[in-house]
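First comes the structure, then the notes that go with it.
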Amino acid sequence: TGDLHLVFCVEKAIFKRFLSGGKNSLVETDNVGFFLQYYKEMRFSPSFNKVVPLFAYWAGLHGDKDGQEAFIDALSKDFNLTLPHLAHMCESVKEASTDCLYKLRPALSESKSSQFITNLLFSKLEDLLFTHEKLDTFLQWNPANPTGHYCMELDNPSDYAVAERLLLCDRWEAAVDKKLERKDTSQYGNGSHLRNPLYQGRELDYSQYASVAEWNLPEVGTLEVDYASNHRAPKNVEVLSDDLWENLMVLTVNSSCLAEDRIIAMRSIAHNFWIRSVHMRSIIGYFKDSRQRADIFIAFYLRIVDLHNAKMFRVRFPTREEIEGLQNRLGYASFFPFFQPENAQFSLNLAQHDQRLCASMWVNLCQKEKYPHNIHDYHYYLLDGTEDPMPLGIPRSWASYDALPTEGRFTATYMCAPEFRHLPTRKAFAIQYSYLNGCEDLTEDDIQWWTGLTEPPSDVLRMLEFFIARYDNIKQPFVAIDGEDGNGVITLQELTEGLDQMGCHKFDKLKTDPPEQKTKAQRVNAIFRYLDPGCEGSISEDEWGVLGQLWREFDRSIQEFVQFLTLTFGDDLLFAWETLDDDDSGELSREEFLKAVENIGYFGPASVVFALLDSSDDGNISYDEFEVLEQYKPKRKRAATSRKTIFDLSRQGSKDSCKTRTISKESFFQLDFKVDEDDEQDKSSNTDDGDESDKGSETWDGG
C-alpha cells in the first residue's frame, strides 16, 4: 500500500544519451545536432509498409473536417514526415492542403531547403501569406542561436512546437552546464536558461518543479518567455573582418525593409560568424527604438569574442532602464560588467538567485580592491519598502552568497581608482559566472579602458571640451597644471590655479545665473572629487587618464555620427548639411541641430557633436564649423572624396551664395591627389578596432 511518486528527469536522460562519451555523443555546442538526433529517436518515422495504410486512412477523411484536424494534430506532435509525405497529403485531400502546410511544418526537417520547397506547394499566394503569418514564430526559431524573446500561442501547432523546443533546448544546455561543471547562474537557482516565464500574462509558478522544463506544457493559452543560451565564443576563434561587417551594415541600413524585419534577418544569420565589441557598438547605433536596440543586441551578444571590452558598447545605452532590461533578459550574472565595473549602478532584487550572486560579487570585488570606499551611495530596502540604515556599513559577510538576505533590494554605485584594480579577481569572476573562454592570460594592456559620456558630471565634460579645443592629447593639460618638473599628482589648489592660468572661464558664475547656481570653487571641487575616486586628496596620472577614456569616447561618438551621415547622404557632407539646415538660414542652434539629427534617425550623443562643432561658443554652428567633421572621416573615405573633387565652392554667408569654379580636362589630369599612397599607409596602420582618430587617449586611458 501507499503512494509512489516518480519524476522523469529529462536532463539526466539527455546527459546519459548524448553527453556521456559514447559513440552517439554530441559536441556541447551542437544544438542543431541534438534536435535532429532527439526527434529522430523520440518521434515515429513511418516505414513504407505503414505509410500506405496511414495515407489511405487520411484519404478516407475527405469531407470530415473534424477528423482531418485530429489526424493533422496527431501527426504534428508525434511523427517525422518528409516532403513527399506532405505533398501527397496536400494532393489527396486538397481542401485541407493549407492546414497541412501550416500545421505539419514542424514535423518536417528544419533544413532551409525543406522549408523553401514546402512554400512551393501552396496553390495560391494568399494561402502562403496567411500561413506565414501563423508560422512567424516557428520560422524565426534558430536552434543555433536560441537567445531571444518568445511569445507563443500554444493552440497554434507551430508555436507549440517552438515552446516544446525551448524546453528541450533548456534541458540540453542544462546538461551541458552539468558536464562542464559550471556555476548555476539561473534566475531562480534551478539551472534553467529560461527567464521571466509568463503564462496567460501572469508569472508562471512552477516552484513545485525542479525547473520550468518539468512543467506540463498545456495545449492552449499564451506562453511568453526569454531564453539566454550558455554558448560562448571559443578561444582563438576567427572573427568577421571590419570590411565585411561594414558591408553588412551598409546593406542593413540601406534596406527598404522594416526595422523589425531587418532584425529578424540579422538574427537568422548571427550564428554563422563571431564579432568584436566595436562591431556591436556600431550596429546598435542604427536602431533608434529602444526595443529594437535590445533585440538586435541580444541576437549578437553571445557572438562577441572580446567581452572584456564590453564597456565600449555598454555606454551606448543611454538610460539605466535599458541596461536593467538587458540584464533581466540575458541574466544579471551573464551581463555583469566583470572587467570594467567602474561607474556601474546596480539595483538588485535579493529574492532572485542570479541577482544575489551579483550582490555577492560586488561586495567580494570591493574587498579585493578597496573596501569600503569603492561602493558608493548604497541602500538596502526591506520588503516593506523601509530602508535599513546599515549604521556599520555593508556587512563583510555579504561577500558570501549564503550570508546574503533572501529578500529586499540592494542598490549602489561602484567606483574604483586605476591603481586599486584587482584584475585577477575580475577575470576569475568572468570565467566562473559568465563562462568566458580565453581570458586567463589577459593583462590590463589588453583591455580598452572606457568611460561613457553619461557617467561623469557635466562639468567634467565641459572641462574636457576645453582641453580638446586646445591640446593634442590629455597628457599635455596634466603637465601644464602639474608643471614641467611637477611631482606627478595634481591637488585641488593646482587644478583651480591651472584652469585659471589656461583662461578657462566655463565655470565662472555669471550675474545672470540663478542664485542656486554653484560657485566656480564648488564646481571645480566636484570635478576634482570625480577624478580622485580613491579619496587620496590628489589626482594621479592614472586617475587623470579617465579623461583620456572620455576623449576617446568623444572621438568615437563623432566618428559614428560622421559614418551615419555618409551612409545616409553619401560622402559629401554638404548634402547632410542641406538636410539638417532645412530653413536655409546658414546656421543651426543647439535645439535645431538636436531635432534635425533626431528626424533623420540618428541615435547617439548628438549634444557632444554639437559641443565640438560650436567652436565659437555662441550656441550656433555654421557650415564652416560643420566642415570640421571632415577630419573624422576614415582616411579611405577622405581619399575617395578627394578623387571626386573637380570644383571648389566659394561660400560667402549661406550656402545659397555658392559659386562654382570649373577646370579644364587637361588641368584635372595634372592634379596630384596622392590617393594610392594614402591608401597604402592606411592599410598598414589600421588598428584592431578600426579607430583612426583617437588622438586624445593615446596611452593615457587610465590603463
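Along the sequence shown, the residues carry numbers beginning at 1.
- A donor-acceptor contact under 3.5 angstrom links the side chains of Ser585 and Asp583, judged on distance only.
- Below 30°, between 30° and 60°, or above 60°: for Tyr301 and Phe313 the angle between ring planes is above 60°, a perpendicular geometry.
- Legend: residues meeting side chain to side chain donor-acceptor pair (under 3.5 Å) with Thr252, ordered by chain and number and at least two apart, are absent.
- The two residues Glu465 and Phe554 come nearest to each other via the heavy atoms CG-CZ, 3.8 Å.
- Applying the side chain to side chain contact (heavy atoms under 4.5 Å, CB included) test between Phe626 and each of Asp581, Val609, Leu580, Leu588 identifies Leu580 as the sole match.
- Lys509 places a side-chain N or O within 3.5 Å of a backbone atom of Gln517 that can act as its donor or acceptor partner.
- Counting only heavy atoms from C-beta outward, the side chains of Leu307 and Phe338 never approach each other to under 4.5 Å.
- Taking CG of Leu629 as the reference point, atom CH2 of Trp577 lies at 10.0 Å (rounded to 0.5 Å).
- Using a 30° and 60° split on the angle between ring planes, Phe339 and His308 fall in the perpendicular class, above 60°.
- The side-chain heavy atoms of Leu531 and Leu547, taken from C-beta on, include a pair separated by under 4.5 Å.
- A heavy-atom distance below 4.5 Å is not found between the side chains of Arg303 and Phe273.
- Classified by interplanar angle (parallel below 30°, tilted 30° to 60°, perpendicular above 60°), the ring pair Tyr471/Phe467 is perpendicular.
- A salt bridge does not link Arg267 with Asp295: none of the charged nitrogens is closer than 4.0 Å to a carboxylate oxygen.
- At least one donor-acceptor pair under 3.5 Å links the side chain of Ser277 to the backbone N or O of Asp306.
- Residue Asp459 forms a salt bridge (Lys or Arg N to Asp or Glu O under 4.0 Å) with just one option from Arg523, Lys518, Lys520, Lys506, and that option is Arg523.
- A side-chain donor from one of Gln493 and Glu497 sits under 3.5 Å from a side-chain acceptor of the other.
- A donor-acceptor pair under 3.5 Å is formed between the side chain of Trp449 and the backbone N or O of Glu444.
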Side chain to side chain contact (heavy atoms under 4.5 Å, CB included) between Arg262 and Ile296, intermediate numbers included: CA-CA 9 Å; Arg262 281 180 272 165; Ile296 195 66; over 6 Å; no
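- Note on Lys595 versus Glu598: no salt bridge recorded, every NZ/NE/NH1/NH2 to OD/OE distance being 4.0 Å or above.
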Stepwise side chain to side chain contact (heavy atoms under 4.5 Å, CB included) test for Phe610 and Val597: CA-CA 11 Å; Phe610 184 87; Val597 297; over 6 Å; no
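- The side-chain heavy atoms of Arg314 and Gln340, taken from C-beta on, include no pair separated by under 4.5 Å.
- The closest side-chain heavy-atom distance from Cys504 to Arg470 is not below 4.5 Å.
- In this structure, Arg329 is not positioned above the aromatic face of Phe335 in the sense of NZ or CZ being under 6.0 Å from the six-membered ring centre and within 45° of the axis.
- For an aromatic pair to be called close, the ring centres must be under 6.0 Å apart, and Phe561 with Tyr602 satisfies this.
- A salt bridge links Arg281 with Glu553: the closest approach of a Lys/Arg side-chain nitrogen to an acidic carboxylate oxygen falls below 4.0 angstrom.
- Note that OG of Ser241 and CZ of Arg276 are 9.5 Å apart. Values are rounded to the nearest 0.5 Å.
- Taking OH of Tyr332 as the reference point, atom CD of Gln327 lies at 5.0 Å (rounded to 0.5 Å).
- Asn142 and His271 share a donor-acceptor pair across their side chains, judged by distance under 3.5 Å alone.
- With sequence neighbours excluded, the residues forming a side chain to side chain contact (heavy atoms under 4.5 Å, CB included) with Leu594 are Arg590, Ala606, Ser607, listed by chain and number.
- To the nearest 0.5 Å, atom CZ of residue Arg552 and atom OG1 of residue Thr451 are 9.0 Å apart.
- Look at Glu342 and Arg421 and you find a salt bridge, because one of the NZ, NE, NH1 or NH2 atoms lies within 4.0 Å of a carboxylate O, short of that distance.
- Contact check for Val608 versus Leu461: no side-chain heavy atoms found under the 4.5 Å cut-off.
- Other residues, nucleotides and ligands contribute more than 12 heavy atoms inside 6.0 Å of the CD atom of Glu516.
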